[in-house]
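One structure below.
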Amino acid sequence: MNNIKKSYSQIVRSTGMFGGAQIVNILIGIVRNKLIAIFLGAMGMGLISMYQSTLDLIKSMASLGLDTTGVREISVASNNKKELVFTVSVIHRWSLILAMSATIICIILSSQISIWAFDSESYSTHIAWLAISLFFNILAVGELVILQGLRQIGYMIKSGLIWNISALIFLTPLYYTFGIDAIIPVFIIVSIITYLSTLYYRKKINVNIVSIPFHQLLTKGKFILRIGFFIVLAAIQTQITLFVVRSMVINRIGLEQLGLLQAAWTITNVYLTLILKSMSADFYPRLSIISFDNRKIRKLINEQVYIILIISLPVIIFLLLASKLLLSLLYSANFETAYTLLNWRTIGIFFKVISWALSFVLLARGKGLMFFISDTSYSIIYLVCIYILFPYYQLDSVGIAYMIAYVSYLLIVYLLIRKLFGFRWTKSNLTTAGFCLTLIVLTFYFVQYSSVNIFLIGFLSISVSLGYSLYKLNQVVQLKDLFHKIRI
């Protein structure tokens with residue numbers, strides 16, 4: 001019983017630490033975007049958005065899934081000092097190789113990238129300079145992989161806060177003084193600080209980097225990057241899916257409706273980023289360590305899903321109740337019409353966070369192809385549902401399809417890991433999921449279709465969800481003691 005409580009306590013503690021840091025980073029991001037809007041205006045915001053999305057796409061492709069598979073390899077090797085030193089050294093070398101390769105390719109293809117991103121060659125010089133930022137960002141990925149693989153959550157949080165605060169400090173005087181001309185220098189400065197902060201904390205863990213013979217570097221790297229290749233393919237097909245959805249919306253109902261869709265996406269993605277990053281920081285390394293022990297896998301997944309359910313419940317209820325308010329506050333009153341779309345997506349989130357915990361075991365076990373196939377099946381179901389529902393529900397069909405696709409994806413992934421690892425839900429998880437889903441559906445119904453006073457429903461729903469979550473959480477961890485432990 002003590003071991004079970006210790007495991008739950010570890011999940012909640014790491015989630016609390018990382019979640020708190022994510023909230024701080026989100027607030028810093030809001031301030032940063034506000035300053036950018038003031039100093040650079042809409043054009044500057046647009047340029048930064050395009051540069052950032054271009055860099056992110058190149059980085060995700062060039063890193064070849066190292067940020068995921070590298071964590072797995074380091075976690076597996078963490079109990080053997082010699083193997084750990086070897087694996088960390090391989091990751092370190094490969095991050096340098098990938099960073100240099102991506103930088104060279106970015107410079108050589110800067111004109112083509114400029115045409116693809118801006119429909120003009122006029123930004124090719126800027127893209128070439130951004131290759132410097134790309135280089136340091138990929139190096140930082142390598143350092144972060146080592147920290148996460150060794151479950152150094154505190155160091156990850158501190159390095160993240162350093163670069164976020166540094167970005168705010170540097171951009172303010174530079175953007176104020178030089179305007180749009182400072183965009184590229186800020187990208188480069190922040191990437192260097194990001195790398196240096198992650199390097200500093202990686203060196204604090206006292207794992208030496210040793211020289212690796214080329215044939216061993218190639219052999220180990222091929223194994224790591226083979227799994228990563230399928231992760232990159234999954235990311236590419238996801239981007240293609242989103243492109244198809246955006247194109248469908250623009251062509252059928254116009255650009256203004258796409259703006260509404262983007263607003264709903266942004267709000268739900270903030271929540272998803274908060275909860276999924278908070279939980280994956282510690283869950284994935286722990287899962288990787290025990291990836292060949294089916295009994296321990298079943299136990300850890302059930303524990304993680306239990307915590308996901310009780311932490312997600314009040315947040316999902318809040319999103320349902322405040323959908324109109326959030327759209328109006330964060331955008332304008334004109335965006336309130338997207339609240340139905342947002343609410344359908346919010347229900348879909350419930351199924352996404354559960355399926356997320358299950359799908360991670362495929363990566364931890366090295367089942368890259370199976371992960372890609374299951375992820376692609378979600379995208380196919382999503383697009384087919386939108387195609388069928390669009391004539392009847394217009395923009396709302398995107399939200400309805402999102403929910404249906406994740407219900408289907410959850411079933412697919414569950415059947416996969418049930419067959420592979422003999423996974424079964426615990427009775428506690430079934431009853432907890434049943435209660436959470438019932439409350440979520442009832443709240444959705446009253447928000448969408450009932451004439452009952454929304455403030456009364458809101459008060460009751462929030463009270464019940466918070467009370468239930470705290471009660472269930474207190475059954476597995478002592479909240480009073482836990483609050484004293486959640487420190488960086």
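Every heavy atom of this structure was used, including side-chain atoms; hydrogens, water molecules and symmetry mates were not. None of these values were measured; they are calculated from a predicted model.
- Across every non-hydrogen atom of Leu341 and Ala264, the tightest pair is CD2-CB, 3.8 Å.
- In this structure a side-chain-to-backbone donor-acceptor pair under 3.5 Å is missing from Ser328 to Leu325.
- Atom CD1 of Ile412 is separated from atom OG of Ser377 by 3.5 Å, given to the nearest 0.5 angstrom.
- Here the straight-line distance linking atom OH of Tyr51 with atom CG of Asp56 works out to 15.0 Å at 0.5 Å rounding.
- Annotation: the span from Leu139 atom CG to Leu199 atom CG amounts to 9.0 Å, rounded to 0.5 Å.
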Exercise for review: Report the C-alpha separation of Thr125 and Trp129 in whole Å, then their side-chain angles, then the decisive distance to 0.1 Å, and conclude whether the side chain to side chain contact (heavy atoms under 4.5 Å, CB included) test is met.
Suggested key: CA-CA 6 Å; Thr125 304; Trp129 278 108; 3.8 Å; yes

Query raised in the report: Please walk me through it: do Met370 and Phe230 pass side chain to side chain contact (heavy atoms under 4.5 Å, CB included)?
Result: CA-CA 9 Å; Met370 200 167 290; Phe230 291 108; over 6 Å; no

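- When all heavy atoms of Ser78 and Ser75 are compared, the pair lying nearest together is OG-O, 2.7 Å.
- Partner of Leu196 under the side-chain contact (heavy atoms from CB on, under 4.5 Å) criterion, chosen from Thr194, Thr198, Ile193, Ile192: Ile192.
- Annotation for Ala401 and Cys385: closest pair CB-CB, 3.5 Å, computed over non-hydrogen atoms.
- When all heavy atoms are compared, the tightest approach of Thr238 to Ala234 is OG1-O, 2.8 Å.
- Checking side-chain atoms of Thr87 against main-chain N and O of Leu84 turns up no donor-acceptor pair under 3.5 Å.
- Remark: Phe372 engages no residue in a ring pair (Phe, Tyr, Trp, His ring centres under 6.0 Å) (not counting sequence neighbours).
- Between the Asp375 side chain and the Phe371 main chain, no donor and acceptor come within less than 3.5 Å of each other.
- When side chains are defined from C-beta on, Lys296 does not count as touching Ile289, because their heavy atoms never get closer than 4.5 Å.
- At least one donor-acceptor pair under 3.5 Å links the side chain of Ser89 to the backbone N or O of Val210.
- Between the side chains of Asn137 and Ser191, no donor-acceptor pair of N or O atoms lies under 3.5 Å.
- Proximity of Trp344 to Tyr402: side-chain heavy atoms (C-beta onward) are nowhere separated by under 4.5 Å.
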field: side chain to side chain contact (heavy atoms under 4.5 Å, CB included) assessment of Leu287 paired with Val361
entry: CA-CA 7 Å; Leu287 193 61; Val361 72; 4.0 Å; yes

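- Checking side-chain atoms of Thr219 against main-chain N and O of Gln216 turns up no donor-acceptor pair under 3.5 Å.
- Between Ser122 and Ser114, the shortest heavy-atom distance links the atoms N-OG, 4.0 Å.
- The number of heavy atoms from other shown groups lying within 6.0 Å of CE (Met61) does not exceed 12.
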List the steps and the verdict of side chain to side chain contact (heavy atoms under 4.5 Å, CB included) for Leu363 and Arg72.
CA-CA 8 Å; Leu363 295 176; Arg72 174 187 181 272; over 6 Å; no

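- Ring to ring, Tyr155 and Tyr201 are close: their centroids are under 6.0 angstrom apart.
- Side-chain N or O atoms of Thr268 include one that pairs as donor or acceptor with a backbone N or O of Trp265 at under 3.5 Å.
- Between the side chain of Gln394 and the backbone N or O of Phe390, at least one donor-acceptor pair lies under 3.5 Å.
- More than 12 heavy atoms of other shown residues, nucleotides or ligands fall within 6.0 angstrom of atom CZ in Phe292.
- A side-chain donor-acceptor contact under 3.5 Å links Gln237 and Ser379.
- Note that the CD1 atom of Ile91 and the CD1 atom of Ile74 stand 5.0 Å from one another [nearest 0.5 Å].
- Under the rule for a salt bridge (charged side-chain N to carboxylate O under 4.0 Å, His left out), the partners of Arg202 that lie at least two apart in sequence or sit in another chain are Glu143.
- Rounding to the nearest 0.5 angstrom, the gap separating the CG atom in Leu134 from the CD1 atom in Ile58 is 6.0 Å.
- Between Ser211 and Arg93, the shortest heavy-atom distance links the atoms CA-NH2, 3.7 Å.
- Atom-to-atom distance recorded for Ile188:CD1 and Phe135:CZ is 12.5 Å, nearest 0.5 angstrom.
- A tilted orientation is assigned to the rings of Phe136 and Tyr195, their planes being inclined by 30° to 60°.
- Atom CZ of Phe86 sits in a crowded spot, with more than 12 heavy atoms from other residues, nucleotides or ligands closer than 6.0 Å.
- If you look at Tyr378 and Tyr406, their ring centroids are closer than 6.0 Å.
- Under the 3.5 Å distance criterion, the side-chain polar atoms of Trp94 are matched with a main-chain donor or acceptor of Leu217.
- More than 12 non-hydrogen atoms from other residues, nucleotides or ligands lie less than 6.0 angstrom from CZ of Phe335.
- Here the side chains of Leu411 and Val407 are not in contact, with every heavy-atom distance at 4.5 Å or above.
- Counting only distance, with no hydrogens or angles, the side chain of Asn80 and the backbone of Lys82 share a donor-acceptor pair below 3.5 Å.
- Looking at heavy atoms from C-beta onward, Tyr200 lies out of side-chain contact with Ile162 at the 4.5 angstrom threshold.
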